[in-house]
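What follows is one structure encoded as structure tokens, with my remarks underneath.
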There are 2 protein chains.
Amino acid sequence: MDALDRQIIAALRENGRATYADLGRKVGLSASAVHERVGKLEATGVITGYHAVVDPSSVGLGVTALISIHPTDTADDDEVAVALGELVEVESCYRVAGDESFIVKVRVATVDELERTLGRLRRIQGVARTRTTVVLSTRFEGRPNTAGVGPDA
Amino acid sequence: MDALDRQIIAALRENGRATYADLGRKVGLSASAVHERVGKLEATGVITGYHAVVDPSSVGLGVTALISIHPTDTADDDEVAVALGELVEVESCYRVAGDESFIVKVRVATVDELERTLGRLRRIQGVARTRTTVVLSTRFEGRPNTAGVGPDA
DNA sequence: GTTGAAATCATAAAGAC
DNA sequence: GTCTTTATGATTTCAAC
């Protein structure tokens with residue numbers, strides 16, 4: 001992982017569909033060289049995937065909420081995590097330090113559906129209590145943090 | 001936006017580097033047709049971008065935290081949001097309902113840097129108090145929610 | 001929507017630094 | 001080892017239909 005790799009990574013975080021030729025022009029390498037570098041970054045798990053980002057409301061998911069999940073005394077965190085993973089509306093799942101055991105981000109169509117999702121969450125074995133914070137607006141999300149991937153890092 | 005568009009969107013959320021030819025084979029259209037559809041989805045703001053997902057630790061960002069930001073009585077939320085956006089370590093920023101005004105996700109290299117980030121956050125005009133929850137592990141993150149984009153939606 | 005054609009790109013093999 | 005060049009097939013992209 002050298003400065004060139006970091007430049008390539010930064011470019012692919014900006015535009016995940018950039019062609020190898022594009023990337024090569026940007027960093028001053030041939031497309032082949034970039035291709036090989038990206039392949040290695042993928043193989044070593046540095047780049048884990050490429051995803052299109054979709055406007056949630058456009059696909060009928062206008063309600064976002066952040067939910068703290070408090071465990072029961074006897075909760076098995078791994079089991080809870082698996083159960084959380086089975087709910088498609090749970091988009092992200094973080095195991096955290098503190099009172100709660102997990103914080104999850106859910107996206108649903110309506111507050112009605114949010115209510116149903118909360119019901120499903122509470123029915124999971126090991127979940128004692130949830131605390132829901134409704135997102136009013138997303139200022140930005142998943143923004144590339146260039147602190148670690150800049151060309152001069 | 002028809003079922004074909006939704007299938008294409010779902011496929012691009014799975015693999016943002018899928019070729020138009022691939023997508024065409026998957027949904028039963030020519031590459032040209034897919035190309036045109038995707039162009040329209042981009043132009044209308046349904047698809048907002050494509051991003052490589054990078055393993056945070058691999059780029060020296062091993063510490064993730066979720067931070068609640070409590071406003072002062074006279075806080076201007078828009079100004080606070082702008083100030084939050086200026087910190088590169090703030091990866092996501094949600095305006096929320098409830099006691100706090102924002103919840104942000106930050107990624108930094110070390111807990112030392114987290115401490116410095118908290119200092120920067122507290123120094124923002126309009127920020128009264130922060131509450132930090134450290135992420136121990138990310139079970140999954142930004143997972144495609146197929147509820148709204150499935151072929152049979 | 002499709003097909004067809006030209007430009008561009010991906011990809012692997014070859015050899016040069 | 002990494003890069004460039006080279007070469008071929010696939011893909012993109014824009015016509016015209």
Side-chain angles (χ1 to χ4, degrees), chain A residues 1-55 57-60 142 144-153, chain B residues 1-61 142 144 146 148-153:
Chain A
M1 265 264 274
D2 59 8
L4 254 40
D5 282 330
R6 283 187 284 268
Q7 279 186 266
I8 292 168
I9 289 169
L12 282 172
R13 293 193 71 173
E14 274 289 326
N15 175 15
R17 279 183 84 78
T19 66
Y20 296 125
D22 279 337
L23 297 169
R25 280 186 284 269
K26 185 168 285 186
V27 306
L29 286 179
S30 69
S32 301
V34 174
H35 182 245
E36 193 176 347
R37 277 171 178 264
V38 172
K40 282 178 184 171
L41 289 170
E42 291 168 357
T44 56
V46 176
I47 296 176
T48 59
Y50 305 87
H51 302 288
V53 178
V54 173
D55 172 48
S57 341
S58 297
V59 293
N145 177 342
T146 51
V149 293
D152 53 332
Chain B
M1 264 264 275
D2 58 9
L4 255 41
D5 281 331
R6 283 187 284 270
Q7 280 186 265
I8 291 168
I9 289 170
L12 282 172
R13 293 193 72 174
E14 274 289 328
N15 176 15
R17 280 183 83 78
T19 66
Y20 297 125
D22 279 338
L23 297 169
R25 280 185 285 268
K26 186 168 286 188
V27 305
L29 287 178
S30 67
S32 302
V34 174
H35 181 240
E36 192 177 348
R37 278 171 178 263
V38 172
K40 282 178 185 168
L41 290 170
E42 290 168 358
T44 56
V46 177
I47 295 176
T48 59
Y50 305 88
H51 301 290
V53 178
V54 174
D55 172 48
S57 342
S58 295
V59 294
L61 296 171
T146 51
V149 294
D152 53 330

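Just so it is clear: chains get the letters A, B, ... in the order the sequence lines come, proteins before strands, and each one is counted from 1.
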Self-check item: Options D:dT13, D:dC3, C:dT3, nucleotide nearest the side-chain atoms of A:Leu4
Solution: D:dC3
Self-check item: Closest contact, heavy atoms only, B:Met1 versus A:Val59
Solution: CE-CG1, 4.3 Å
Practice problem: Would you kindly give the CD1-to-P distance between A:Ile8 and D:dT2, to the nearest whole Å? | Solution: 12 Å
Quiz item: Of the candidate nucleotides D:dT11, C:dG1, D:dT4, which contains the atom at the shortest distance from the side chain of B:Leu29?
Solution: C:dG1
Quiz item: Nearest to the side chain of B:Tyr20, which nucleotide is it out of D:dT13, D:dC3, C:dA10?
Solution: D:dT13
Practice problem: Taking all non-hydrogen atoms of both residues into account, name the closest pair between B:Lys26 and B:Gln7 and its distance. | Solution: O-NE2, 4.5 Å
Quiz item: Is a donor-acceptor pair below 3.5 Å formed from side chain B:Ser32 to base C:dT3, judging by atom type as modelled?
Solution: yes
Practice problem: Report yes if at least one side-chain N or O of B:Ser30 is closer than 4.0 Å to OP1 or OP2 of C:dT2; otherwise report no. | Solution: yes
Practice problem: Examine C:dA10: is either OP1 or OP2 under 4.0 Å from a nitrogen or oxygen in the side chain of A:Arg17? Give yes or no. | Solution: no
Exercise. May I ask you to say what A:Ala33 touches in the nucleic acid, namely base, sugar-phosphate or nothing, with a heavy-atom cut-off under 4.0 Å?
Key: base
Quiz item: Between A:His35 and C:dA10, does any side-chain N or O lie under 4.0 Å from OP1 or OP2?
Solution: no
Practice problem: For the side chain of A:Arg37, starting at C-beta, report the closest nucleotide among D:dC3, C:dG1, D:dT4. | Solution: D:dC3
Quiz item: Nearest of C:dC9, D:dT11, C:dA13 to any side-chain atom of B:Arg25?
Solution: D:dT11
Quiz item: Got a donor-acceptor contact below 3.5 angstrom from the B:Thr48 side chain to the A:Asp55 backbone?
Solution: no
Self-check item: Nearest-angstrom distance from the residue atom CG of A:Leu23 to P of C:dA10
Solution: 8 Å
Quiz prompt | Integer-rounded Å distance: C:dG1 C1' and B:Glu36 CD | solution = 8 Å
Quiz item: Has the side chain of A:Thr19 got a donor or acceptor atom sitting under 3.5 Å from an opposite partner on the base of D:dT12?
Solution: no
Self-check item: Enclosure of B:Glu14 CD (heavy-atom neighbours >12, cutoff 6.0 Å)
Solution: no
Quiz item: Quick one: do the B:Glu42 and B:Tyr50 side chains pair a donor with an acceptor below 3.5 Å?
Solution: yes
